[in-house]
Amino acid sequence: MTSTRWPGTTLPRRFFRRDPRVVAPDLLNKIIARDDGRAGRIVEVEAYCGAEDPAAHTFRGPTKRNATMFGPAGHLYVYFTYGMHWCANTVCGKEGQGWGVLLRAIEPVAGLEAMREARGNPARLKDIGSGPARLAQAMGITGGQDGADLIKGDRGFRVLDDGTPPPLDPVAGPRIGISQAKDHPWRWYVRGNPYVSGSRLARKS
DNA sequence: GGTAAGATCAGC
DNA sequence: CTGATCTTACCA
């Protein structure tokens, strides 16, 4: 395999040891990269805030499923939902807080063909990574990557800074697909980016 | 032990 | 708008 790593520096762990409402907008325009060459620019995220957030998986305390999210920052929390989809988060804050940022959309920047194939060869480029489950499928993220260290890259995944700064004017709004704590504006995305998900859901109050 | 809901997506 | 598909969490 050609390790064509997308150019950039691995984010330091301290980047993730903060409040997810600070980390989330700061993650916009960063790169989620895999050692096999697949990489995408993060263009949409949501913050989940543990014990103070009824919509968070960690709201009611530790369980077998959410254990990773209570662990150290900078790891990948992967969960299975709707009987068929995997979704990926970066763990934030201090151990025990259960904080994280859901990765909701990427713009493919490398390993395009591998991503397209992993998604079942969709016709439109936009359908490769615009949505949390699509993003995970495109990158090949499943339960086997739950707990992966995004700083050490122990399982082939890293978050990189390639020099593109976060947007100065990110759009903030309510999170998508939740039934509790709907009003917190804890979703951020890159204004005008065509790879952002949820245009349909985002419109419904 | 039973059951309802789920941080979604694709197809009609 | 609806069906797919199954794990988890919560209640009895």
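Keep in mind that the numbers below use all heavy atoms, side chains included, and drop hydrogens, waters and symmetry copies. Chain A is the first sequence line, chain B the second, and so forth, proteins listed ahead of strands; every chain is numbered from 1.
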**Student:** Nearest-Å distance, CZ (A:Arg65) to C1' (C:dC6)?
**Tutor:**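 Interatomic distance, CZ of A:Arg65 to C1' of C:dC6: 12 Å.
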**Student:** Round to a whole Å and report the spacing from NE2 of A:His57 to C1' of B:dA5.
**Tutor:**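 So the NE2-C1' distance, A:His57 to B:dA5, works out to 11 Å.
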**Student:** If I take atom CZ in residue A:Arg124 and atom P in nucleotide B:dA10, what distance separates them, rounded to the nearest angstrom?
**Tutor:**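 Going from A:Arg124 (CZ) to B:dA10 (P), I get 9 Å.
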**Student:** In a check of side-chain hydrogen bond (donor to acceptor under 3.5 Å, both in side chains) between A:His57 and each of A:Tyr77, A:Tyr48, A:Tyr79, which one passes?
**Tutor:**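 It is A:Tyr77; the other options fail the test.
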**Student:** Taking only the side-chain heavy atoms of A:Tyr77 (C-beta and beyond), determine which of C:dC6, C:dA9, B:dA7 contains the nearest atom.
**Tutor:**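 Nearest nucleotide to the side chain: B:dA7.
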**Student:** Considering every strand and a 4.0 Å limit on heavy-atom distances, what is the contact class for A:Asn89: base, sugar-phosphate, or nothing?
**Tutor:**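 The residue A:Asn89 makes base contact.
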**Student:** If I take atom CH2 in residue A:Trp186 and atom P in nucleotide B:dA7, what distance separates them, rounded to the nearest angstrom?
**Tutor:**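 Whole-Å distance recorded here is 15 Å.
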**Student:** To the side chain of A:Ala133, which of B:dA7, B:dG6, B:dT8 is closest?
**Tutor:**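 Given the options B:dA7, B:dG6, B:dT8, the side chain of A:Ala133 is closest to B:dT8.
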**Student:** In terms of the angle between their ring planes, are A:Trp186 and A:His184 parallel, tilted or perpendicular, with boundaries placed at 30° and 60°?
**Tutor:**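 Parallel.
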**Student:** Can a salt bridge be assigned to the pair A:Asp53 and A:Arg175 using a cut-off of 4.0 Å between side-chain N and carboxylate O?
**Tutor:**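 Salt bridge flag = yes for A:Arg175 with A:Asp53.
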**Student:** Using modelled atom types and a 3.5 Å cut-off, is there a donor and acceptor pairing between side-chain atoms of A:Asn66 and backbone atoms of A:Gly61?
**Tutor:**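 Indeed, once roles are kept as given, a pair shorter than 3.5 Å links the two residues.
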**Student:** Considering Watson-Crick and G-U wobble pairs with both distances under 3.5 Å, what does B:dT8 pair with?
**Tutor:**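 C:dA4 is the nucleotide pairing with B:dT8.
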**Student:** Between A:Trp86 (CH2) and B:dA7 (C1'), how many Å, whole number?
**Tutor:**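 My rounded result for the distance is 15 Å.
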**Student:** Does the aromatic ring of A:Tyr79 sit over the six-membered base ring of B:dA7, closer than 5.5 Å centre to centre and tilted less than 30°?
**Tutor:**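 So no, this residue does not stack on that base, at least one cut-off failing.
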